[in-house]
Structure formats: structure tokens, C-alpha cells
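Here's the structure we're looking at; comments come further down.
Index from 1, following the sequence.
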Amino acid sequence: MSQAMLRQILDYSTRADPYPLYEELRKTPVFHDEDGPYVVSTYYEIQSLLHDPRISSDPRNLTLPSSDPLAQEDGDDSALPPVFLKLDPPDHDRLRRITNRPFGPPHSPHKVHDMRDELGGIVSGLIDGIVDAGSPERIDLVDQFSYPFPVTVICRLLGVPPEDEPRFHGWADTIAASLDPDPDADPAERPKAAADAQMELGMYLAGLIEERRKEPGEDMLSQLAAATDEPDGSMSALEAISTAALLLIAGHETTVNLITNGMLTLLRHPDVLQRLREDPQLSVPIVEELLRYEPPVQLLPRRSTIDDIEVAGVNIPKGATVSLILASGNRDPKRFENADRFDPDRGDIQHLGLGSGIHSCFGAPLARLEAQLALSELARRLENPRLLEDPPPYRLNAVLRGPRHLPIACDGIRP
């Protein structure tokens with residue numbers, strides 16, 4: 001085991017199938033080489049650290065070693081204040097609770113459930129759009145479905161006007177591209193482009209939030225901007241902007257991968273695809289198994305220790321950088337029997353696909369519902385779908401791993 005193994009994980013040539021590398025990595029549950037990060041790759045150890053208050057998510061606590069090959073996989077929201085994803089308690093808890101008021105329990109317990117019909121309508125409209133394009137013999141599932149679906153949903157949820165969605169697409173693409181470890185990219189130009197996009201997005205959201213303060217609606221931006229006398233208080237203007245930017249970008253990036261990885265896996269397992277076509281309710285266990293088998297977030301590269309921690313017999317000292325390989329933990333045979341097999345009938349799928357602990361995925365209920373509706377409807381309406389490229393071309397990013405395009409063909413599209 002060496003730093004070369006970690007660099008292989010980031011190498012684009014392994015993007016289509018990193019799982020043999022993870023299998024090798026698990027032979028050393030806590031790997032550390034010289035002044036590099038402590039890399040944790042086994043299920044129980046990762047789960048324990050996700051719940052350990054001695055692990056910090058705040059990048060301000062990091063002292064990154066120059067030899068950390070995973071450090072390039074994360075970015076800083078330099079143009080905006082820290083988001084709750086990158087904060088520790090109590091600041092994290094306060095901002096997350098405020099954000100959750102319009103989104104889930106206890107204030108809005110039926111929010112996601114009540115969106116089911118609206119989400120179904122968006123799915124149907126996008127599949128109808130494939131028919132209108134008139135090319136079922138070649139469909140790019142990412143561009144024509146997996147990307148526009150969650151983007152449309154998060155824009156409606158927040159209250160971003162439909163006519164502004166193209167502007168948001170450009171900013172989101174630029175910011176997401178800055179996370180890709182592209183050795184051919186200009187090391188100065190990409191961060192500048194990302195910072196400019198963050199600033200433009202922040203200014204745009206500031207304008208929307210100010211409008212909502214004056215004339216509030218039913219959307220999340222209005223509720224984030226609203227004053228309240230509850231114990232956690234209200235967000236400041238900058239906190240509301242930063243949180244809205246997080247929800248816009250994080251609210252679709254992972255779901256795009258979940259849907260695309262899901263359809264790719266189903267096309268590789270036509271027996272399961274047929275079962276889903278006949279029984280849409282099977283989408284619930286299918287999505288849970290997909291979150292284990294092909295998680296949209298593969299690793300959490302930049303955590304830090306605020307105290308000494310012993311993990312699997314290894315002492316991780318205070319101030320160390322820790323990387324958690326979630327996708328490796330999900331394939332750990334000590335936790336899951338036949339871990340490399342896709343099996344939606346698997347019981348007890350306590351996966352790490354949406355994280356765990358205080359930083360578990362904020363939008364998990366919505367992401368699950370989006371994927372369930374998307375995959376069940378694609379299975380029902382696409383006649384004899386098949387892959388045109390396997391493996392398909394992948395995104396550069398090793399953290400947010402998923403196909404950049406998914407070319408498929410079908411014999412027709414059912415009404």
C-alpha cells in the first residue's frame with residue numbers, strides 16, 4: 001500500500017470501476033503513509049467516525065499536507081460564508097435546523113410527500129420531451145433526463161424563476177467543474193472562474209432573497225429570508241445566500257448521479273429492470289441498494305481530528321487529515337454478504353450512501369423519491385432500452401462519481 005494507490009483512485013482511467021482498488025484498500029482499514037491523510041475504508045470504522053464528535057468537517061481546522069492526493073477533490077466556498085455542510089456544532093446545528101423548517105419535520109412534515117404528484121408530472125414531461133425530440137434510437141439520459149429533472153425540482157422548491165434556470169445551469173456547471181481533478185486545466189484559471197461563478201450566483205440569490213423579504217411566497221427562499229422569533233432565530237442575509245447556493249448546487253449534483261448510476265445498473269441487470277417494469281413499488285428497495293452499490297458520493301476527502309482517536313488499532317493524532325471512502329465501506333464483505341453483487345432483495349441495507357450522523361444528507365428524502373419515480377417511470381415507458389456504450393464516459397470527479405453521458409437506445413416510448 002502506498003500513495004500510488006490513492007492516486008489511482010483519482011486517476012480517470014479507474015473511474016468506470018474503482019471497486020477493485022477499494023478492495024485492495026480495505027486490506028489496511030486505516031491507511032497512512034508519511035505525512036499524507038489517514039484513509040479509512042472499512043464499514044464499521046467509517047460509520048463510527050461519522051458519529052464521532054472528535055471529527056471536524058470545518059475546513060478551517062485543516063492543516064493539509066502537501067502530499068495529500070485527495071485534497072484536490074474538495075473546494076472552498078471562498079466567495080460565500082461557510083455552509084452548514086462545512087461547519088461543526090453548534091453553528092452547524094443552528095443553520096441546519098433553520099434550513100429544515102420549510103423542508104421537513106417538525107415544521108413541515110409532509111413537504112416531500114406532498115410533492116409526489118408534481119415530481120411525477122416533471123418526470124412525465126421530460127420523457128415526453130424525448131418523444132418530441134424524435135430520436136429514441138439514441139438518447140443521452142444525462143442531458144435529456146437525469147440532469148434537468150433534479151435541477152427543475154430544486155429550482156421550483158426554492159422559488160428560482162423558470163426563465164432564470166439557464167443562468168443557474170451555467171454557474172452550477174462552472175462551480176462543479178472546479179472540483180474535477182483535471183491535470184490539463186489551468187491551475188489559476190479554474191479557481192478564478194469558480195470564484196466568479198460563486199460571486200455571480202451569490203449576487204443573483206441576494207436579489208431574489210431581497211424580493212422575498214418584501215413580498216414573501218410559499219417557496220424556501222421566502223422562508224429562509226423570513227424573520228422569526230423561534231429559539232434558533234433567523235439567518236443573516238449572508239447566511240441565507242450561502243445556504244440557498246448550497247441547496248441549489250448540492251440539491252441536484254448527487255441526484256443526477258443517483259439516477260444515472262441507477263439506470264446504468266438496471267440496464268446491466270435486465271432481470272431487475274423487468275421486475276421494476278412490472279412492479280413500480282420495487283423502486284424503493286432498488287434505490288436503497290443502489291445507494292449502497294453505486295453511491296453518488298464516493299468519498300469524504302477532508303475531515304480533521306480535534307483530538308486523538310484510535311481506529312482499528314491505529315492512533316490518529318489531533319490535527320490529522322482524515323478521508324472516509326464511503327463507497328469502499330458499502331462494499332465491505334465484513335458488513336454485507338456478497339457485497340459486490342447488486343441485489344435489491346438484500347435485507348438490512350444500512351448503507352453509507354447518504355452519509356450518517358449529523359452530516360447525513362439533508363435532502364435524502366427528496367433524493368430518494370426523485371430516484372424512485374424516475375427509475376420506475378423510465379422502466380415502464382422505455383421499450384427494450386439498451387446501452388450504446390459500456391462503460392459510458394464518466395465525469396472527471398472522483399468524489400461525485402457518475403457518467404457524464406449515458407447513451408442508450410430503445411425501440412419506442414410508451415404513453
Side-chain angles (χ1 to χ4, degrees), residues 3 5-19 21-22 25 31 36-41 46 49-50 55-59 62 64 68-78 83 85-86 142 146-147 150 172-183 185 190-191 194 198 245-246 248-261 264 290-304 321-331 351-357 359-364 367 393-404:
Q3 291 284 71
M5 172 67 70
L6 303 183
R7 295 190 182 280
Q8 276 186 278
I9 292 174
L10 301 184
D11 192 287
Y12 183 75
S13 65
T14 68
R15 194 70 70 248
D17 185 14
Y19 296 103
L21 293 175
Y22 297 155
L25 195 59
F31 166 67
Y38 287 79
V39 180
V40 185
S41 57
I46 294 171
L49 290 175
L50 288 172
I55 290 286
S56 171
S57 297
D58 192 331
L62 285 166
L64 288 175
D68 183 355
L70 298 177
Q72 62 179 310
E73 285 297 306
D74 200 10
D76 292 322
D77 299 318
S78 55
V83 295
L85 187 68
K86 296 185 177 183
V142 176
S146 301
Y147 183 82
D173 285 346
T174 301
I175 294 169
S178 72
L179 304 179
D180 288 343
D182 183 359
R190 270 209 314 180
Q198 287 175 336
L246 169 68
L248 271 172
I249 295 173
H252 79 272
E253 285 287 343
T254 54
T255 309
V256 172
N257 285 347
L258 178 57
I259 294 170
T260 309
N261 286 332
L264 174 60
L290 286 168
L291 286 163
R292 183 199 70 83
Y293 183 77
E294 286 276 32
V297 178
Q298 294 270 299
L299 56 139
L300 303 176
R302 294 175 66 184
R303 297 291 187 266
S304 58
T321 302
V322 179
S323 296
L324 307 176
I325 315 297
L326 303 180
S328 175
N330 277 343
R331 297 283 189 107
H351 55 73
L352 303 171
L354 296 171
S356 191
H359 287 290
S360 60
C361 178
F362 176 84
Y394 273 77
R395 300 169 65 169
L396 291 174
N397 203 306
V399 174
L400 301 173
R401 174 182 167 272
R404 173 59 189 90

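- At least one side-chain heavy atom of P150 sits less than 4.5 Å from a side-chain heavy atom of V256.
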Determine, stepwise, if the pair L324 / L299 fulfils side chain to side chain contact (heavy atoms under 4.5 Å, CB included).
CA-CA 6 Å; L324 307 176; L299 56 139; over 6 Å; no
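- Residues passing the side-chain hydrogen bond (donor to acceptor under 3.5 Å, both in side chains) test with S356, sequence neighbours excluded: H51.
- There is no side-chain donor-acceptor pair under 3.5 Å between R401 and N261.
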Using side chain to side chain contact (heavy atoms under 4.5 Å, CB included), reason through L300 and L50 one step at a time and then give a plain yes or no.
CA-CA 10 Å; L300 303 176; L50 288 172; 3.8 Å; yes
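- From L62, atom CG reaches atom NZ of K86 across 10.0 Å, with rounding to the nearest 0.5 Å.
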Test side-chain hydrogen bond (donor to acceptor under 3.5 Å, both in side chains) on R302 and S323; report intermediate values, then the result.
CA-CA 6 Å; R302 294 175 66 184; S323 296; over 6 Å; no
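- At least one side-chain heavy atom of I46 sits less than 4.5 Å from a side-chain heavy atom of L326.
- With hydrogens and angles disregarded, no donor-acceptor distance shorter than 3.5 Å links the side chain of R15 to the backbone of P393.
- R331 contributes a side-chain N or O that, together with a main-chain N or O of Y293, makes up a donor-acceptor pair within less than 3.5 Å.
- Legend: residues meeting side-chain hydrogen bond (donor to acceptor under 3.5 Å, both in side chains) with N330, ordered by chain and number and at least two apart, are absent.
- The aromatic rings of H252 and Y147 sit perpendicular, their planes meeting at an angle over 60°, well past the 30° parallel limit.
- Here the straight-line distance linking atom SG of C361 with atom CG of L85 works out to 9.0 Å at 0.5 Å rounding.
- A donor-acceptor contact shorter than 3.5 Å links the side chain of Y12 to the backbone of Y394.
- Using a 4.5 Å heavy-atom threshold, the side chains of S304 and I55 count as separate.
- T14 places a side-chain N or O within donor-acceptor distance of the main-chain N or O of Q8, the cut-off being under 3.5 Å.
- Side-chain atoms of S57 and H359, non-hydrogen and from C-beta on, do get closer than 4.5 Å to each other.
- Taking D58 as the reference, R60 meet the salt bridge (charged side-chain N to carboxylate O under 4.0 Å, His left out) condition, with sequence neighbours excluded.
- For A367, the side chain to side chain contact (heavy atoms under 4.5 Å, CB included) partners at least two apart in sequence or on another chain are T255.
- When the side-chain hydrogen bond (donor to acceptor under 3.5 Å, both in side chains) test is applied to T260, the partners found at least two apart in sequence or on another chain are S146.
- Partners of S328 by side-chain hydrogen bond (donor to acceptor under 3.5 Å, both in side chains), not counting sequence neighbours, listed by chain and number: R26.
- Under a 3.5 Å cut-off, the side chain of E294 and the backbone N or O of L291 do not form any donor-acceptor pair.
- Summarising the geometry of L354 relative to A364, their closest heavy-atom pair is CD1-CB, 3.6 Å, with the distance given to 0.1 Å.
- Panel note: side chain D11, backbone R7; no donor-acceptor pair is recorded below 3.5 Å.
- Taking the side chain as every heavy atom from C-beta outward, Q298 and L400 never approach each other to under 4.5 Å.
- With a 4.5 Å cut-off on side-chain heavy atoms, I9 and Y22 count as touching.
- Using modelled atom types and a 3.5 Å distance limit, the side chains of S56 and R303 yield no donor-acceptor pair.
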